[in-house]
Amino acid sequence: MQLGVHYANFSHPDWAHTLEERLTSTARVADQGGAAWFTVMDHWFQMEDLGGPAEPMLEGYTTLGYLAAVTERVRLSLLVTGVTYRHPGLLAKTVTTLDRLSGGRAMLGIGAAWYDREHAGLGVPFPSTSESFERLEETLQVCRQMWSDDDGAFDGAHYQLAETVCVPPPLQQPGPRILVGGAGERKTLRMVAQYADACNIFGQGPDVMAHKLDVLRRHCDDLGRDYDAIEKSMVLDADPTGDTDAFLADMEAYAALGIELVTLMPQGDDPVAWTTEVCERVLPRLQQL
């Protein structure tokens, strides 16, 4: 099993003076320490459960562009892009630019947006849930077309593009890997089966995960998609630096279900020290599962 580091919290002690340095050092430690992914959130305001808008939050793709220059190997993505945040043609261009500047390490993590407060706060329209999912599907279609040989028009219910030109093309061919985040059984996991290279599901226990993966497998069967071709990842709010043996026992159960990567958020006041310890002491054992 591989490791993803999800940098969700910028509110470490003295963040006003050390935010950038801590972010940079954490990403470099993850990169050199063997983590497979380094992700940040796609939010304008910090989430309520991490303190809300009064706490610091950097814009996601600007952050990833910076991290592309200070890392060498780790894949870079948002976990995940909110579909309401950017027009799909511009999103495809943005991720393509990240892919070029990172040497082919970009991934498009995407999902239906949910944080209505930041939309209202910054004056960005926030559609209904059903419309968000319609927009998500059209955005996936636009991105795939932008990363194909078809540079013609796209005429959807919500988006109309006269030319889907993308020059230069991404280094990864046919395009950056697409990850659809979420575990909704009727829409989200169907879109994983239809459009994505990877899924990301919140870890709610092996029994729940087994059920979600079974739903994904059924969608793959219905669509004629190879279930095994989809990378299965999960995000978990856990600290493996405490009882490491218990953590690895839990991960063994997920690995047996086919989970290939677990994404963890640095815990405590020092994300650099936490990431260093996880990469040095936990990751080698995690990779044996």
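Just so you know, these numbers come straight off a predicted model, no measurement behind them.
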Legend entry - Residue that, paired with Thr63, satisfies side-chain contact (heavy atoms from CB on, under 4.5 Å) out of Leu23, Asp42, Leu78: Leu23
Inset, instruction - Check whether Val282 and Leu261 end up in the same hydrophobic cluster, where Ile, Leu, Val, Met, Phe, Trp and Tyr are linked by side-chain heavy atoms less than 4.5 Å apart. - result: no
Legend entry - Pair Glu48-Arg117, salt bridge (charged side-chain N to carboxylate O under 4.0 Å, His left out): steps then yes or no: CA-CA 10 Å; Glu48 302 285 352; Arg117 180 175 178 178; 2.8 Å; yes
Legend entry - Donor + acceptor pair across side chains of Thr96, Trp147 (<3.5 Å): yes
Inset, instruction - Show the numbers, then the answer: is there a side chain to side chain contact (heavy atoms under 4.5 Å, CB included) between Leu264 and Val262? - result: CA-CA 6 Å; Leu264 302 173; Val262 58; 3.9 Å; yes
Inset, instruction - Determine whether Met47 and Tyr7 fall in the same hydrophobic cluster, where Ile, Leu, Val, Met, Phe, Trp and Tyr are linked whenever their side-chain heavy atoms lie under 4.5 Å apart. - result: yes
Inset, instruction - Check step by step if side chain to side chain contact (heavy atoms under 4.5 Å, CB included) holds for Leu58 and Val40. - result: CA-CA 9 Å; Leu58 298 181; Val40 295; over 6 Å; no
Legend entry - Closest non-hydrogen atom pair between Gly34 and Gln287, with its separation: O-NE2, 4.1 Å
Inset, instruction - Please report the shortest heavy-atom distance between Cys279 and Pro284, naming the atom on each side. - result: O-CD, 3.4 Å
Inset, instruction - Could you grab the distance from atom CG of Leu136 to atom OH of Tyr195, nearest 0.5 Å is fine? - result: 9.0 Å
Legend entry - Ring-ring centroid check His43 Trp114, cutoff 6.0 Å: yes
Legend entry - Connected via hydrophobic side-chain network under 4.5 Å: Val80 and Met265: no
Legend entry - Inter-residue atom distance Thr81.OG1 - Tyr61.OH, 0.5 Å rounding: 2.5 Å
Inset, instruction - Return the orientation label for the Tyr85 and Trp44 ring planes: parallel under 30°, perpendicular over 60°, tilted otherwise. - result: tilted
Inset, instruction - Using atom types as modelled and distance alone, determine if a side-chain donor or acceptor of Ser77 lies under 3.5 Å from a backbone N or O of Met107. - result: yes
Inset, instruction - Write down the atom of Thr84, the atom of Ala113, and the distance for their closest heavy-atom approach. - result: OG1-CB, 3.1 Å
Legend entry - Distance-only donor-acceptor check, side chains Thr241 and Asp239, under 3.5 Å: yes
Legend entry - Asp149, CG: over 12 other non-hydrogen atoms inside 6.0 angstrom: no
Legend entry - Criterion side chain to side chain donor-acceptor pair (under 3.5 Å) on Thr71 and Arg105, from CA distance to verdict: CA-CA 10 Å; Thr71 58; Arg105 294 185 286 127; 2.9 Å; yes
Legend entry - Cationic N near anionic O, under 4.0 Å, Asp269 to Arg22: no
Inset, instruction - Any chance you could lay out the side chain to side chain donor-acceptor pair (under 3.5 Å) test for Ser128 and Glu131, step after step, and finish with the verdict? - result: CA-CA 5 Å; Ser128 67; Glu131 183 177 327; 4.6 Å; no
Legend entry - Same cluster (ILVMFWY, side-chain, under 4.5 Å), Leu79 and Phe38: no
Legend entry - Salt-bridge criterion met for Glu72 and Arg28 (N-O under 4.0 Å): no
Legend entry - Flag, side chain of Asp99 to backbone of Pro170, donor-acceptor distance under 3.5 Å: no
Legend entry - Six-ring centre of Tyr254, Lys232 cation under 6.0 angstrom, axis tolerance 45°: no
Legend entry - Sidechain N-carboxylate O distance under 4.0 Å for Asp214, Arg218: yes
Legend entry - Polar contact flag, side-chain donor to acceptor under 3.5 angstrom, Gln32-Arg73: yes
Inset, instruction - Examine distances only and state if a side-chain atom of Glu138 and a backbone atom of His158 form a donor-acceptor pair shorter than 3.5 Å. - result: yes
Legend entry - Gap separating the CG atom of Leu161 from the CD atom of Gln141, nearest 0.5 angstrom: 11.5 Å
Legend entry - salt bridge (charged side-chain N to carboxylate O under 4.0 Å, His left out) assessment of Glu231 paired with Arg75: CA-CA 14 Å; Glu231 184 177 9; Arg75 277 190 279 172; 3.4 Å; yes
Inset, instruction - Locate the shortest heavy-atom distance separating Ala112 from Phe133; write the atom from each residue and the value. - result: CB-CZ, 3.9 Å
Legend entry - Neighbour count above 12 (heavy atom, 6.0 Å) for Glu252 CD: no
Legend entry - Minimum heavy-atom distance between Ala193 and His219, given as atom pair plus value: CB-CB, 3.7 Å
Legend entry - Gap separating the CD atom of Gln46 from the CD atom of Glu118, nearest 0.5 angstrom: 9.5 Å
Inset, instruction - For the pair His211 (side chain) and Asp207 (backbone), establish whether a donor and an acceptor sit closer than 3.5 Å, ignoring hydrogens and angles. - result: no
Inset, instruction - Give a yes or no answer on whether the side chain of Ser233 reaches the backbone of Cys199 with a donor-acceptor pair at less than 3.5 Å. - result: yes
Legend entry - Under 3.5 Å donor-acceptor, Glu59 side chain and Thr62 backbone: yes
Legend entry - Gln172 (side chain) donor-acceptor with Ala106 (main chain) under 3.5 angstrom: yes
Inset, instruction - Consider only side-chain N and O atoms of His6 and Thr39, and report whether a donor and an acceptor are under 3.5 Å apart. - result: yes
Legend entry - With His87 via ring pair (Phe, Tyr, Trp, His ring centres under 6.0 Å) - residues at least two apart: Tyr159
Legend entry - CG-NZ distance between Leu257 and Lys212, expressed to the nearest 0.5 angstrom: 14.0 Å
Legend entry - Cluster check Leu171, Trp37: I/L/V/M/F/W/Y, side chain < 4.5 angstrom: no
Inset, instruction - Indicate whether the side chain of Glu20 and that of Tyr66 have a donor and an acceptor atom separated by less than 3.5 Å. - result: no
Inset, instruction - With rounding to the nearest 0.5 Å, note down the distance linking OG1 in Thr139 to CZ in Arg144. - result: 13.5 Å
Inset, instruction - Classify the side-chain pair Thr18/His12 by whether it contains a donor and acceptor separated by less than 3.5 Å. - result: no
Inset, instruction - Go through Met57 and Phe10 one step at a time and tell me if the side chain to side chain contact (heavy atoms under 4.5 Å, CB included) criterion holds. - result: CA-CA 7 Å; Met57 174 56 58; Phe10 296 90; 3.8 Å; yes
Inset, instruction - Taking atom types as modelled, find out whether Asp151 and Thr164 have a side-chain donor-acceptor pair closer than 3.5 angstrom. - result: no
Inset, instruction - Give the minimum heavy-atom separation between Ile259 and Met1, together with the two atoms involved. - result: O-CE, 3.5 Å
Legend entry - Flag if over 12 foreign heavy atoms under 6.0 Å of CD, Glu21: no
